[in-house]
Asker: 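Got a structure here, written out as structure tokens. Questions coming.
Just so we're clear, the structure is a prediction, and the values are computed from it rather than from any experiment.
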Amino acid sequence: MNINQNYVEAVKAIKEAILRSQHRAVVSVNKVQLSLYYGIGRYVSENSRTGFWGKGAIEQISSMLQKELPGLRGFSASNIKNMRIFYEEWEIVLNRQPAVDDFVLDEKLLLNAIRQPAADEFNWADFLSIGFSHHTEIISKAKSLEARLFYIHECATRYWSKYTLRDYLKADLYRHRGTLPNNFAQTLPDTKHALKAVCSFKDEYLLDFINVEELDEQEKDLDEKIVEKAIVANVKKFIMTFGQDFSFIGNQYRVEVAGEEVFIDLLFFNRELNSLVAVELKSGKFRTSYLGQLNTYLSALDTYIRKPHENPSIGIILCREMNQTFVEFAVRDYNKPMGVATYRASKDMPERLRNALPDIEELKKLL
């Protein structure tokens, strides 16, 4: 072994040690901060909900804190209210009789150590490894305990930023994951791989960067070109919406078969699945003819493009509407792994979400 290789291994070992140390430090800081905020939330809740504090008390307390501790951050009135919500939303799950080894720091009930709940499905390490701002986003958008635990786990294991988390909350990843009609169980090499594929795709995607105001007035082929062009122009956003571990290869990807050319609308590679993923865009309701077309494309990819070490290519039809039961019936007898999902764009969104978007003129600039 030469000296340069020794250096490489030394750097690798030290880097791993640093990263582990940083992770432990973050978890430690989060534990202290979450305990503090939970305790403050409890104190504020008990006094503002049923106690003697009057209207505007939280705003006044926040202002006085700023004077007592100049430069203090994180204790605005709105954030103190978030602490109250944090306590009230988790109090039923987290509060239980303390064990002997529980860490309790009591300063007039302000610092109250959060105790690990007894529920087996609750991952305490995940809960403590994400910051308060992540918890606030999750509480505000995910209402069931199951959904909240799902997003906490995803943030902890995939290191989502607050803004990435917002995107997945807006796309309702929890509700849509793993529910698209597909034939993965029958067509992929093993059960584990099929389950990974199911979990890698949703049954509906929110493509809020696409302006579809005039789509229904255009011919079908033009509709699909408009959608494709917008996706390619915003491919980073699309990949974030589409899911984990996707890399964009190209649009209108050309494959020649026996002297004939076929063009795949969008081609991706998924590292987790180790598979090429072909996406066909359709502007209207699902039709059974789309499956035959996609089956041909997947055969071409597997024969001429796929590497020997890669798994079979997967195909997704992305259309505006589908009858899920009918699609499940139609797709089951094909021998290539395929699924069908729908997409919504800005005009299809609920009013409360549309109001949060830029106006039509700003959206047009994206195209």
Side-chain angles (χ1 to χ4, degrees), residues 176 178-190 193-194 196-198 200-205 207 212 215-216 218-229 231-232 238 242-243 246 248-270 273-307 310-344:
H176 290 300
T179 59
L180 84 165
N182 65 84
N183 63 356
F184 297 154
Q186 299 95 328
T187 56
L188 288 173
D190 56 60
H193 189 211
K196 280 185 180 180
V198 168
S200 294
F201 302 98
K202 297 178 285 184
D203 66 337
E204 185 176 65
Y205 295 91
L207 308 184
V212 293
L215 280 187
D216 295 332
Q218 307 290 338
E219 296 180 4
K220 185 181 71 171
D221 288 346
L222 183 56
D223 276 356
E224 293 163 7
K225 292 296 182 185
I226 291 173
V227 175
E228 179 187 324
K229 182 179 178 182
I231 288 175
V232 173
F238 180 74
F242 206 43
F246 284 92
F248 181 55
I249 296 177
N251 64 303
Q252 292 303 308
Y253 190 88
R254 175 185 173 277
V255 184
E256 185 175 332
V257 181
E260 299 285 340
E261 294 179 322
V262 297
F263 294 91
I264 299 168
D265 286 346
L266 300 168
L267 186 63
F268 297 87
F269 186 81
N270 185 282
L273 299 174
N274 194 29
S275 295
L276 292 164
V277 177
V279 178
E280 280 298 295
L281 302 168
K282 303 300 177 184
S283 61
K285 190 173 181 178
F286 167 82
R287 295 180 182 177
T288 54
S289 59
Y290 299 156
L291 295 175
Q293 179 188 32
L294 184 57
N295 197 71
T296 301
Y297 292 172
L298 295 176
S299 293
L301 286 173
D302 285 341
T303 302
Y304 299 106
I305 306 299
R306 179 166 68 104
K307 305 291 186 185
E310 294 173 358
N311 289 316
S313 303
I314 295 172
I316 300 293
I317 293 170
L318 202 54
C319 54
R320 292 288 291 281
E321 301 175 57
M322 70 167 164
N323 178 325
Q324 181 154 339
T325 303
F326 176 69
V327 174
E328 288 171 350
F329 174 82
V331 78
R332 67 184 185 183
D333 288 330
Y334 280 87
N335 63 1
K336 294 293 183 183
M338 293 184 287
V340 180
T342 58
Y343 66 90
R344 288 185 295 132

Asker: Are the side chains of S275 and E310 in touch, meaning some heavy atoms are under 4.5 Å apart?
Answerer: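 When only atoms from C-beta onward are counted, E310 and S275 do not touch, as no gap falls below 4.5 Å.
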Asker: Rounded to the nearest 0.5 Å, what separates atom OG in S200 from atom CZ in F246?
Answerer: 5.5 Å
Asker: Return the NZ to OH distance between K282 and Y343, rounded to the nearest 0.5 Å.
Answerer: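 K282 NZ to Y343 OH: 11.0 Å, rounded to 0.5 Å.
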Asker: When you check the side-chain N and O atoms of D302 and S313, is any donor under 3.5 Å from an acceptor?
Answerer: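 Yes, S313 and D302 have a side-chain donor paired with an acceptor closer than 3.5 Å.
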Asker: Please give me the minimum heavy-atom distance between E328 and P181, naming the atom from each residue.
Answerer: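 The answer is CG-CB, 3.5 Å.
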Asker: Evaluate side chain to side chain contact (heavy atoms under 4.5 Å, CB included) for V331 paired with N182, printing each intermediate quantity in order.
Answerer: CA-CA 7 Å; V331 78; N182 65 84; 5.7 Å; no
Asker: Answer yes or no: is there a side-chain heavy-atom contact under 4.5 Å between R306 and L301?
Answerer: no
Asker: Search all heavy atoms of T342 against all heavy atoms of L318 and return the closest pair with its distance.
Answerer: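 The pair with the smallest heavy-atom distance is O-CD1, 3.9 Å.
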Asker: Counting C-beta onward and ignoring hydrogens, is there a side-chain heavy-atom pair between I264 and Q252 closer than 4.5 Å?
Answerer: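 When only atoms from C-beta onward are counted, Q252 and I264 do not touch, as no gap falls below 4.5 Å.
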Asker: Output the distance between atom OG (S283) and atom CZ (R320), rounded to the nearest 0.5 Å.
Answerer: 7.5 Å
Asker: Contact between Y205 and L180 at the side-chain level, heavy atoms closer than 4.5 Å - yes or no?
Answerer: no
Asker: F248 vs F268 aromatic rings, parallel, tilted or perpendicular, using cut-offs 30° and 60°?
Answerer: tilted
Asker: For the atom pair CG (D333) and CD (Q186), what is the distance rounded to the nearest 0.5 Å?
Answerer: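 Answer rounded to 0.5 Å: 8.5 Å.
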Asker: Could you note down all residue pairs passing salt bridge (charged side-chain N to carboxylate O under 4.0 Å, His left out) where residues 250-263 supplies at least one of them, sequence neighbours left out?
Answerer: R254-E256, R254-E261
Asker: Using atom types as modelled and distance alone, determine if a side-chain donor or acceptor of D265 lies under 3.5 Å from a backbone N or O of L281.
Answerer: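 Flag set: sc D265 to bb L281 pair under 3.5 Å.
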Asker: Name the residue from V255, V262, V257, L267 that meets the side chain to side chain contact (heavy atoms under 4.5 Å, CB included) definition with Y297.
Answerer: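 Going through the options one by one, the only one that passes is V262.
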Asker: To the nearest 0.5 Å, what is the distance between CD1 on I314 and CG on L188?
Answerer: 5.0 Å
Asker: Looking only at heavy atoms, what is the nearest atom pair of K285 and Y290, with distance?
Answerer: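 Scanning both residues, the minimum pair turns out to be O-CE1, 3.7 Å.
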Asker: Nearest heavy-atom pair of A197 and F184: which atoms, and what distance?
Answerer: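 Taking A197 first and F184 second, the nearest heavy atoms are CB-CD1, 3.7 Å.
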Asker: Drop me the distance from L298's CG to Q293's CD, to the nearest 0.5 angstrom.
Answerer: 10.5 Å
Asker: Compare every heavy atom of T187 with every heavy atom of N183, then report the nearest pair and how far apart it is.
Answerer: O-OG1, 2.9 Å
Asker: Considering non-hydrogen atoms only, spot the tightest contact between L294 and G315 and give its length.
Answerer: CD2-C, 3.6 Å
Asker: Do the ring planes of F326 and F286 sit parallel (below 30°), tilted (30 to 60°) or perpendicular (above 60°)?
Answerer: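 Aromatic pair F326/F286 classed perpendicular.
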Asker: Tell me, do E280 and I316 make a side-chain contact under 4.5 Å, heavy atoms counted?
Answerer: no
